Amino acid sequence: SATREHIIIDNRYGSTKEAENFVRPYKNIVDSVMAPLVGYSARYMKAHTPESELSNLLADIMVWGGKMYDEKPDIGLYNMGGIRAALPKGRVTFGDINDIAPFENKICFLSLSGEQLTTLFRQIGRTFGAGISHGVEAVYEKGNLVSLRLNGEEIDPKRDYRIATIDYLIHGNDGFRELRNGHDTNIPKADKDNTRFIISAYFKEKMAEGKEVDAHIEGRMVCKE
């Protein structure tokens with residue numbers, strides 16, 4: 001059920017005390033959800049093209065999350081547009097993760113042939129950047145893909161590659177059009193499959209191991225003039 005109330009904001013709330021009293025019950029509820037610590041970050045990270053520490057981290061977490069679904073992804077992908085805030089250095093709360101991934105996107109998995117994967121990375125080049133997982137080396141010149149390798153090996157056009165990403169992208173959004181042609185898709189639907197919970201779980205695991213979360217720019221996506 002739901003109820004509603006029309007609240008008039010007038011000069012009664014002109015003082016700081018009155019405003020704080022009005023907000024307090026809502027703030028307490030929000031803080032109880034957003035304030036819990038999930039882990040620690042070794043550095044401040046924000047998303048930027050063509051490659052950034054934060055986008056690399058999120059793509060790696062998509063691969064890491066595969067173990068929760070009996071999946072073994074070859075590649076993780078995360079769109080720059082889906083990263084809505086920076087990661088602070090030091091303490092990281094669930095609220096910080098929610099700021100980074102505020103949408104109701106779910107982790108998902110699909111397969112592409114090597115030929116399809118090459119087409120996808122040509123499309124990614126036109127978006128000027130993306131979160132790409134460790135082991136991928138995509139080199140572009142003037143926006144055109146000139147080299148694509150995984151773990152030091154050229155992409156095999158006939159082999160299938162397993163992709164971990166978010167469900168928003170498998171519909172071809174943000175220029176990732178080739179993902180619409182994937183096969184053997186696995187799209188979890190529960191609330192717990194939301195990317196913010198996958199990311200939080202990764203931070204919690206690292207905290208339990210006594211480790212800070214860290215990421216680096218590695219040349220996963222190189223754009224030459």
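Computed from a predicted structure; not experimentally measured. Below, each value reflects all heavy atoms present in this structure, side chains not excepted, and no hydrogens, waters or symmetry copies.
For the pair Leu58/Met62, no side-chain contact is recorded, criterion being any heavy-atom separation below 4.5 Å from C-beta on. His171 has its side chain out of reach of Arg177: every pair of non-hydrogen atoms, C-beta onward, lies at least 4.5 Å apart. Under the 4.5 Å side-chain criterion, counting only non-hydrogen atoms from C-beta, Ile132 is in contact with Phe121. Contact annotation: the side chain of Glu141 never approaches that of Asn144 to less than 4.5 Å [non-hydrogen atoms, C-beta and beyond]. Contact of the Ile75 side chain with the Leu112 side chain is not registered, since no non-hydrogen atoms from C-beta on lie closer than 4.5 Å. Between Ile199 and Trp64 the shortest side-chain heavy-atom distance does not fall below 4.5 Å. Contact of the Ser111 side chain with the Arg162 side chain is registered, since non-hydrogen atoms from C-beta on lie closer than 4.5 Å. With contacts defined as side-chain heavy-atom distances shorter than 4.5 Å, the pair Glu104/Asn194 qualifies.
Closest heavy-atom contact between Val33 and Pro36: O-CD, 3.3 Å. Of all the heavy atoms in Ser113 and Pro157, the pair that sits closest is CB-O, 3.9 Å. Smallest separation of non-hydrogen atoms from Leu179 and Leu110: O-CD1, 3.5 Å. What you find for Met68 and Ile198 is that their closest heavy atoms are SD-CD1, 3.9 Å. Across all non-hydrogen atoms, the minimal contact from Tyr78 to Ala101 is OH-CB, 3.8 Å. Taking each heavy atom of Asp214 and Leu57 in turn, the nearest pair found is O-CD1, 4.3 Å.
Under the 3.5 Å distance criterion, the side-chain polar atoms of Ser133 are matched with a main-chain donor or acceptor of Gly76. A distance-only check finds a donor-acceptor pair linking the side chain of Arg196 to the backbone of Pro102 [under 3.5 Å]. Using a distance-only test at 3.5 Å, with no hydrogens or angles considered, no donor-acceptor pair links the side chain of Asp174 to the main chain of Asn79. With hydrogens and angles ignored, the 3.5 Å screen pairs no side-chain donor or acceptor of Glu153 with any backbone N or O of Leu150. A donor-acceptor contact shorter than 3.5 Å links the side chain of Thr165 to the backbone of Leu77.
Residues passing the side-chain contact (heavy atoms from CB on, under 4.5 Å) test with Lys72: none are found, sequence neighbours excluded. Judged as a ring pair (Phe, Tyr, Trp, His ring centres under 6.0 Å), and not counting sequence neighbours, Phe176 has no contacts. With sequence neighbours excluded, no residue forms a salt bridge (Lys or Arg N to Asp or Glu O under 4.0 Å) with Asp160. By the salt bridge (Lys or Arg N to Asp or Glu O under 4.0 Å) test, Arg180 is found to be paired with no residue, residues two or more places apart in sequence or in another chain being considered. Residues that satisfy the salt bridge (Lys or Arg N to Asp or Glu O under 4.0 Å) test with Asp60, not counting sequence neighbours, are Arg220. In this view, Phe94 and Phe197 satisfy the ring pair (Phe, Tyr, Trp, His ring centres under 6.0 Å) rule, not counting sequence neighbours. With sequence neighbours excluded, no residue forms a salt bridge (Lys or Arg N to Asp or Glu O under 4.0 Å) with Asp156.
Glu178 and Asn181 share a donor-acceptor pair across their side chains, judged by distance under 3.5 Å alone.
By the rule that hydrophobic residues join a cluster once side-chain heavy atoms approach within less than 4.5 Å of another member, Met34 and Phe203 end up as members of one cluster. Note on Ile217 and Leu54: separate hydrophobic clusters, where clusters join Ile, Leu, Val, Met, Phe, Trp and Tyr whose side-chain heavy atoms are under 4.5 Å apart, directly or indirectly. Val38 and Tyr44 end up in different hydrophobic clusters when Ile, Leu, Val, Met, Phe, Trp and Tyr side chains are linked at under 4.5 Å. Linking ILVMFWY residues whenever their side-chain heavy atoms come closer than 4.5 Å, directly or via other members, places Ile97 and Ile83 in the same cluster. Val139 and Ile124 are assigned to two separate hydrophobic clusters, defined by single-linkage of ILVMFWY side chains at heavy-atom distances under 4.5 Å.
Within the structure, every pair that satisfies the side chain to side chain donor-acceptor pair (under 3.5 Å) test and touches residues 46-58, not counting sequence neighbours, is listed here: Glu51-Asn56, Ser52-Ser55. Counting only residues at least two apart or in different chains, side chain to side chain donor-acceptor pair (under 3.5 Å) contacts with residues 30-39 comprise Lys27-Asp31. Listed by first and then second residue, the ring-ring contact (aromatic ring centres under 6.0 Å, His included) pairs that reach into residues 136-159 come to none, sequence neighbours excluded.
Checked against the 6.0 Å centroid threshold, Phe103 and Tyr168 do not count as a close aromatic pair.
Checked for salt-bridge contact, Asp99 and Arg84 miss the test: no charged N lies under 4.0 Å from a carboxylate O.
In this structure, Phe109 CZ and Asp70 CG are separated by 10.0 Å, a value rounded to the nearest 0.5 Å. Once rounded to the nearest 0.5 Å, the distance linking CG of Leu148 with CG of Leu117 reads 5.5 Å. Rounding to the nearest 0.5 Å gives a distance of 6.5 Å between NE2 of His183 and CD of Gln116.
The residue from Asn186, Ile187, Ile163, Asp193 that alone fulfils the side chain to side chain contact (heavy atoms under 4.5 Å, CB included) condition with Cys108 is Ile187.
Through direct or relayed side-chain contacts under 4.5 Å between Ile, Leu, Val, Met, Phe, Trp and Tyr, Leu37 connects to Tyr40, Met207. Hydrophobic cluster membership for Ile29: none, as no Ile, Leu, Val, Met, Phe, Trp or Tyr side chain comes under 4.5 Å of it.
At most 12 non-hydrogen atoms from other residues, nucleotides or ligands lie less than 6.0 angstrom from CD of Glu115. Summarising the local packing, CD of Glu209 is surrounded by more than 12 heavy atoms from other residues, nucleotides or ligands at distances under 6.0 Å. Other residues, nucleotides and ligands contribute more than 12 heavy atoms inside 6.0 Å of the CG atom of Asn28.
Within the cation-pi definition used here (under 6.0 Å to the ring centroid, within 45° of the axis), Arg24 does not qualify as a partner of Tyr26.
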Step-by-step side-chain contact (heavy atoms from CB on, under 4.5 Å) determination, Lys106 to Lys192 = CA-CA 9 Å; Lys106 307 290 191 294; Lys192 67 181 179 63; over 6 Å; no

